[in-house]
Amino acid sequence: MSNGPHRIVFANEKGGTGKSTTAVHCAIALAYQGARVAAIDLDSRQRTLHRYLENRAETQRRRDIALPTANFAVYAGDSVEELDALTTTMGADADFIVFDTPGRDDPLARHVATRADTLVTPLNDSFVDFDLIGQVDAETFKVRRLSFYAELIWEARKKRAMATIRDARREMDWVVVRNRTGYTEARNQRRIDQALTELSRRVGFRVASGLSERVIYRELFPSGLTLLDKGHLGELGTSHLVARQELRTLIAGLNLPTVATKGQLALEGVT
Ligand SMILES: Nc1ncnc2c1ncn2[C@@H]1O[C@H](COP(=O)(O)OP(=O)(O)OP(=O)(O)O)[C@@H](O)[C@H]1O
Ligand SMILES: [Mg+2]
């Protein structure tokens, strides 16, 4: 079993749920904690994560500043072996490796998702997004059946527990993160809460609070900055302070190993 970098995979076969936004913020938050972070963008068409980090590098050059960041690459091919080789190379001197994946069914996204140490699935508060994980009854809102994707992850975890998937650790922590919250009507939100809780028991994921809907998340992209880049964002209003706190809560909710404990766990062969 490998003791390489902790693999965090942002995946959801639905488009536009906030994978890239949360992936970037997570990568930078870890870099701020002193971790060595690598990031691989598997969405070779949109390349949001890659472009975000390119913009960040450009801002550092333009302003002549040094910002914590991730070592990044995009993989545009279709070979699992090549991707694994890139993962090994980039992971060699990293504590964490972050994968951003496209919002559609994709063989490479499945490959990394089924081998994730932490699988993060951002979901908007909508049954349209929820459908990716499970179908709910139209009258009762009870979960009727699991989606193909939930079955896929369920199977992968079973195989890992039996060590049939050899290039992955045994345990996968699957975290469903609510993204862009705040605009849903309370009753709808309660129904989603209820259905998510029920489904989380059946499928074995955890639910963590994510980012709320804020314009700032859309505005930061051109500069590649994040809410954590305090001294470089200009005057911050209170809402941005709240936003930064919500980002910290999100990262804490992912329960990632800290760099120190990660080394310790690796030594003990627990991971
Ligand atoms: N918390 C948020 N508040 C406001 N806007 C957001 C938030 N999260 C994401 N967005 C915006 O929503 C859009 C989709 O987000 P993002 O690109 O992160 O999703 P994605 O899941 O990676 O999409 P895709 O499946 O197309 O790759 C972007 O315009 C992004 O700026
Ligand atoms: Mg994306």
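Since the model is a prediction, treat every value here as computed from it, not as a measurement. Read the numbers this way: they start at 1 and go in the same order the structure lists the ligands and their atoms. We're numbering straight along the sequence, starting at 1.
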Using a 4.0 Å cut-off to any heavy atom of Gly103, which atoms of ligand 1 qualify?
25 (O)
For atom 20 (P) of ligand 1, tell me which residue out of Lys19, Gln46, Glu13 has the closest non-hydrogen atom.
Lys19
Under the side-chain contact (heavy atoms from CB on, under 4.5 Å) criterion, do Asp100 and Val9 qualify, and how do the steps go?
CA-CA 6 Å; Asp100 189 19; Val9 178; over 6 Å; no
Just checking Arg62: does its CZ atom have more than 12 heavy atoms from other residues, nucleotides or ligands closer to it than 6.0 angstrom?
yes
Distance criterion under 2.8 Å: protein N/O/S atoms around the Mg ion (ligand 2)
1
Closest non-hydrogen protein atom to atom 3 (N) of ligand 1, residue and atom name please, with distance?
Arg214 N, 3.0 Å
Can you tell me if Glu171 has over 12 outside heavy atoms packed within less than 6.0 Å of its CD?
no
Show me the pairs that pass side-chain hydrogen bond (donor to acceptor under 3.5 Å, both in side chains) and involve residues 136-148, at least two apart or across chains.
Asp137-Thr140
Which bit of Asn179 is near ligand 1, meaning a heavy atom under 4.0 Å away: side chain, backbone, both or neither?
side chain
Under a heavy-atom criterion of less than 4.0 Å, does Gly210 contact ligand 1?
no
Which pairs with one or both residues in residues 68-85 pass salt bridge (charged side-chain N to carboxylate O under 4.0 Å, His left out), sequence neighbours excluded?
none
Which of the numbered atoms in ligand 1 are under 4.0 angstrom from any heavy atom belonging to Leu211?
1 (N)
Examine the proximity of ligand 1 to Ser212 and report which part, side chain or backbone, both or neither, has a heavy atom under 4.0 Å away.
backbone
Any idea which of Arg47, Arg180, Arg218, Arg45 brings a heavy atom closest to atom 12 (O) of ligand 1?
Arg180
Step by step, work out the salt bridge (charged side-chain N to carboxylate O under 4.0 Å, His left out) result for Arg178 and Asp193.
CA-CA 10 Å; Arg178 315 278 289 272; Asp193 279 342; 2.7 Å; yes
Please report whether atom 28 (C) of ligand 1 has a protein non-hydrogen atom at a separation of less than 4.0 Å.
no
After noting the C-alpha distance and the side-chain angles of Lys19 and Val120, does the key distance pass the side-chain contact (heavy atoms from CB on, under 4.5 Å) rule?
CA-CA 8 Å; Lys19 294 176 289 294; Val120 185; over 6 Å; no
Who's the nearest protein heavy-atom neighbour of atom 19 (O) of ligand 1, and how far?
Gly18 N, 3.0 Å
Which residue pairs pass the side-chain hydrogen bond (donor to acceptor under 3.5 Å, both in side chains) test when at least one of the two sits in residues 31-40, sequence neighbours left out?
Tyr32-Asp229, Arg36-Asp95
How far is atom 18 (O) of ligand 1 from its nearest protein heavy atom, and which residue and atom is that?
Thr21 OG1, 2.5 Å
Per the side chain to side chain contact (heavy atoms under 4.5 Å, CB included) rule, which among Leu83, Val112, Thr87 passes with Tyr75?
Leu83
The atoms of ligand 1 lying under 4.0 Å from a heavy atom of Thr17, numbered in the order shown, are 19 (O), 20 (P), 21 (O)
Suppose we measure from atom 17 (O) of ligand 1 to each protein heavy atom; which comes out shortest, and what is that distance?
Ser20 CB, 4.1 Å
Under a 4.0 Å threshold between the charged nitrogen and the carboxylate oxygen, would Arg218 count as salt-bridged to Glu213?
yes
Show me which atoms of ligand 1 lie under 4.0 Å from any heavy atom of Gly15.
25 (O)
Residue Asp43 vicinity, atoms of ligand 1 by number, heavy atom under 4.0 Å:
27 (O)
Stepwise salt bridge (charged side-chain N to carboxylate O under 4.0 Å, His left out) test for Arg214 and Glu246
CA-CA 11 Å; Arg214 290 177 198 278; Glu246 114 193 337; 3.1 Å; yes
Reference residue His25; test side chain to side chain contact (heavy atoms under 4.5 Å, CB included); the match among Leu228, Thr226, Leu250
Thr226
Could you check atom 23 (O) of ligand 1 against the protein and tell me its nearest heavy-atom contact, residue, atom and distance included?
Gly16 N, 3.0 Å
From the candidates Tyr217, Phe221, Phe10, the one that places a heavy atom nearest atom 2 (C) of ligand 1:
Tyr217
